[in-house]
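Remember, predicted model here, so these are calculated numbers, not experimental data.
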Amino acid sequence: MKKKSLLFTLILILIFLIINCKTTANYQIHCDDIELLYNKKLANFGSENENYIFVRLYYPVYTNPFCIENTLKKLIGFVDVHPEKFSHAAIGFDLNDNFIGLTTAGERDLKIEHCTDIKTNPFMAKCDPKKSIQVTYAIKVSPDEYEKAREMVQFFYNEEIMYDVGINLAIGLFEAKRKFFTSQENQKLENIGTAKDVIEDENYIKNKFVCSSFISYILIHSVDSIKTFFEENKLDYNFIIPSDIPSFPGMTKLFKSSWKSYNKAALAYAKSENNIFNKNTKSVEK
């Protein structure tokens with residue numbers, strides 16, 4: 001009976017993974033179709049020796065609480081080993097509300113995400129911005145690492161990158177095994193290695209991801225400390241889920257807010273005395 005329940009849960013998880021980070025293919029947003037949100041107070045962080053790459057993790061609350069996406073979100077949370085659970089992730093290069101995430105299948109899968117303007121993105125448009133939660137993280141990198149990551153994201157934004165539907169069942173099975181058949185100590189990110197070489201040749205260009213594997217791929221191939229962490233622990237970025245990302249070395253939690261209040265929370269953090277950019281406060285307008 002227990003095995004049947006677990007199998008049923010995994011099937012629902014697969015459906016969730018397909019739906020939650022994949023929406024209708026006929027809704028495409030191109031660069032020219034949206035106006036980027038920009039606030040100079042949130043744009044300039046870093047110095048001649050260091051910069052920051054930002055990651056935004058989402059806990060969406062759907063406008064329709066009875067929709068299948070909401071039910072399946074709870075099911076995926078059931079196999080997530082982390083106390084704070086997320087179902088989507090996006091990457092950014094300053095604190096403006098212009099993060100890049102992999103969500104929609106179709107001509108352009110990699111899209112710009114605005115927490116404060118959800119109508120510009122089909123994944124976010126299904127959610128209640130007053131109740132949905134985001135948590136913003138940052139990792140300090142060198143200027144070269146920062147530029148390399150930016151160039152990679154720009155490259156993938158312009159190229160044909162696809163949401164990898166096929167890997168979702170494998171992810172669901174992996175997370176179920178991690179949650180139910182692995183000791184609590186070995187559930188930690190650094191202990192779930194796949195015992196194989198997962199860093200491809202530099203000339204190899206992958207074109208299929210899910211939201212969290214895309215961010216992992218970018219960081220592995222641009223930030224030396226992340227690459228070393230994955231290599232030493234034999235981690236396969238294909239099996240990284242959004243809730244794993246805070247465990248990456250150097251990843252620092254900045255602030256948490258509702259989607260609607262993102263800009264207000266970001267500005268408050270940038271102006272606070274305990275922000276991680278304190279030595280660069282001259283670059284943040286008071």
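Among all heavy-atom pairs drawn from Ile53 and Ala149, the shortest one is CD1-CB, 3.6 Å. Residues Val210 and Asp164 share a closest heavy-atom pair of CG1-O, 3.7 Å. Closest of all the heavy-atom pairs between Glu185 and Asn191 is O-ND2, 3.0 Å. Taking all atoms of both residues into account, the shortest heavy-atom contact from Ala138 to Leu254 is CB-CD1, 3.8 Å. Summarising the geometry of Tyr163 relative to Cys211, their closest heavy-atom pair is CE1-N, 4.4 Å, with the distance given to 0.1 Å. Residues Pro143 and Asn51 come closest through the heavy atom pair CA-OD1, 3.2 Å.
Aromatic ring centres of Phe214 and Phe156 lie closer together than 6.0 Å.
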Taking it one step at a time, do Ser258 and Ser261 satisfy side chain to side chain donor-acceptor pair (under 3.5 Å)?
-> CA-CA 5 Å; Ser258 70; Ser261 62; 2.7 Å; yes
Evaluate the side chain to side chain donor-acceptor pair (under 3.5 Å) criterion for residues Ser47 and Asn49: first the C-alpha distance (whole Å), next the side-chain angles of each, then the deciding distance (0.1 Å), finally the verdict.
-> CA-CA 5 Å; Ser47 67; Asn49 299 316; 4.9 Å; no
Could you go through the side chain to side chain contact (heavy atoms under 4.5 Å, CB included) check for Leu95 and Phe255 one step at a time?
-> CA-CA 11 Å; Leu95 286 178; Phe255 59 91; 4.2 Å; yes
Test Trp259 against Cys127 for side chain to side chain contact (heavy atoms under 4.5 Å, CB included), laying out the working first.
-> CA-CA 10 Å; Trp259 290 6; Cys127 304; 3.5 Å; yes
Stepwise side chain to side chain donor-acceptor pair (under 3.5 Å) test for Gln134 and Thr136 = CA-CA 7 Å; Gln134 71 78 34; Thr136 299; 2.6 Å; yes
Does the side chain to side chain contact (heavy atoms under 4.5 Å, CB included) test come out yes or no for Lys260 and Thr116, once each step is laid out?
-> CA-CA 5 Å; Lys260 187 174 181 62; Thr116 54; 5.9 Å; no
Does the ring pair (Phe, Tyr, Trp, His ring centres under 6.0 Å) test come out yes or no for Phe86 and Tyr58, once each step is laid out?
-> CA-CA 5 Å; Phe86 303 99; Tyr58 303 85; 8.9 Å; no
Show the numbers, then the answer: is there a side chain to side chain donor-acceptor pair (under 3.5 Å) between Asn186 and Ser183?
-> CA-CA 5 Å; Asn186 289 328; Ser183 66; 3.1 Å; yes
Please report the C-alpha distance between Leu110 and Ile100 in whole Å, then the side-chain angles of each, then the deciding distance to 0.1 Å, and finally whether the side chain to side chain contact (heavy atoms under 4.5 Å, CB included) criterion is met.
-> CA-CA 7 Å; Leu110 196 61; Ile100 307 290; 3.4 Å; yes
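In this structure, Phe248 and Phe229 have tilted ring planes: the angle between them lies in the 30° to 60° band. Note: Phe45 and Phe54 have perpendicular aromatic rings, judged against thresholds of 30 and 60 degrees for the angle between ring planes. Using cut-offs of 30° and 60° on the angle between ring planes, the pair Phe209 and Tyr237 is tilted. Ring planes of Tyr146 and Phe93: perpendicular class, angle over 60° (limits at 30 and 60°).
For the pair Ile226/Asp224, no side-chain contact is recorded, criterion being any heavy-atom separation below 4.5 Å from C-beta on. Looking at Glu113 and His88, their side chains come closer than 4.5 Å, going by heavy atoms from C-beta outward. Between Ile171 and Phe239 the shortest side-chain heavy-atom distance falls below 4.5 Å. The side-chain heavy atoms of Lys126 and Thr63, taken from C-beta on, include no pair separated by under 4.5 Å. Between Ser87 and Pro60, some side-chain heavy-atom pair lies under the 4.5 Å cut-off.
With rounding to the nearest 0.5 angstrom, the CG atom of Leu189 is 7.5 Å from the CG atom of Asn233. Note that CG of Asp244 is 10.0 Å distant from CD of Glu190, once rounded to the nearest 0.5 Å. Between the SG atom of Cys115 and the CG atom of Asn98 there is a distance of 10.5 Å, given to the nearest 0.5 Å. Between the NZ atom of Lys140 and the OG1 atom of Thr252 there is a distance of 8.5 Å, given to the nearest 0.5 Å. Between the CG atom in Asn263 and the NE2 atom in His114 there is a gap of 10.5 Å [rounded to 0.5 Å]. Here the straight-line distance linking atom CD1 of Ile161 with atom OH of Tyr217 works out to 9.5 Å at 0.5 Å rounding.
Salt bridge absent: Asp80 and Arg178 never bring a charged side-chain N and a carboxylate O closer than 4.0 Å. The pair Arg56-Asp97 counts as a salt bridge, with a side-chain nitrogen and a carboxylate oxygen less than 4.0 angstrom apart. A salt bridge does not link Glu145 with Lys148: every distance from a Lys NZ or Arg NE/NH1/NH2 to an Asp or Glu carboxylate oxygen is 4.0 Å or more.
No donor-acceptor contact under 3.5 angstrom links the side chains of Ser142 and Asp144, judged on distance only.
Under the 4.5 Å side-chain contact rule for hydrophobic residues, Tyr59 and Val81 do not share a cluster. There is a path of hydrophobic side-chain contacts, each under 4.5 Å, that joins Leu42 to Ile276. Follow the hydrophobic side-chain contacts under 4.5 Å out from Val61 and you never reach Phe66; the two are in separate clusters. Linking Ile, Leu, Val, Met, Phe, Trp and Tyr whenever their side-chain heavy atoms come within less than 4.5 Å puts Ile241 and Met251 in one cluster. The same ILVMFWY cluster, assembled from side-chain heavy atoms under 4.5 Å apart, contains both Phe155 and Leu219.
Applying the salt bridge (charged side-chain N to carboxylate O under 4.0 Å, His left out) test to every pair with at least one member in residues 248-259, sequence neighbours left out, gives these pairs: Glu84-Lys253, Glu84-Lys256.
Asn121 places no side-chain N or O within donor-acceptor distance of the main-chain N or O of Ile118, the cut-off being under 3.5 Å. Of the possible polar contacts, none joining the Lys85 side chain to the Ser243 backbone as a donor-acceptor pair under 3.5 Å is found.
Within 6.0 Å of atom NZ in Lys179, more than 12 heavy atoms from other residues, nucleotides or ligands are found, so the atom counts as buried in its surroundings.
With sequence neighbours excluded, no residue forms a ring pair (Phe, Tyr, Trp, His ring centres under 6.0 Å) with Tyr137.
Partner Ile192 forms a side-chain contact (heavy atoms from CB on, under 4.5 Å) with one of Asp236, Thr182, Leu235 and no other, that one being Leu235.
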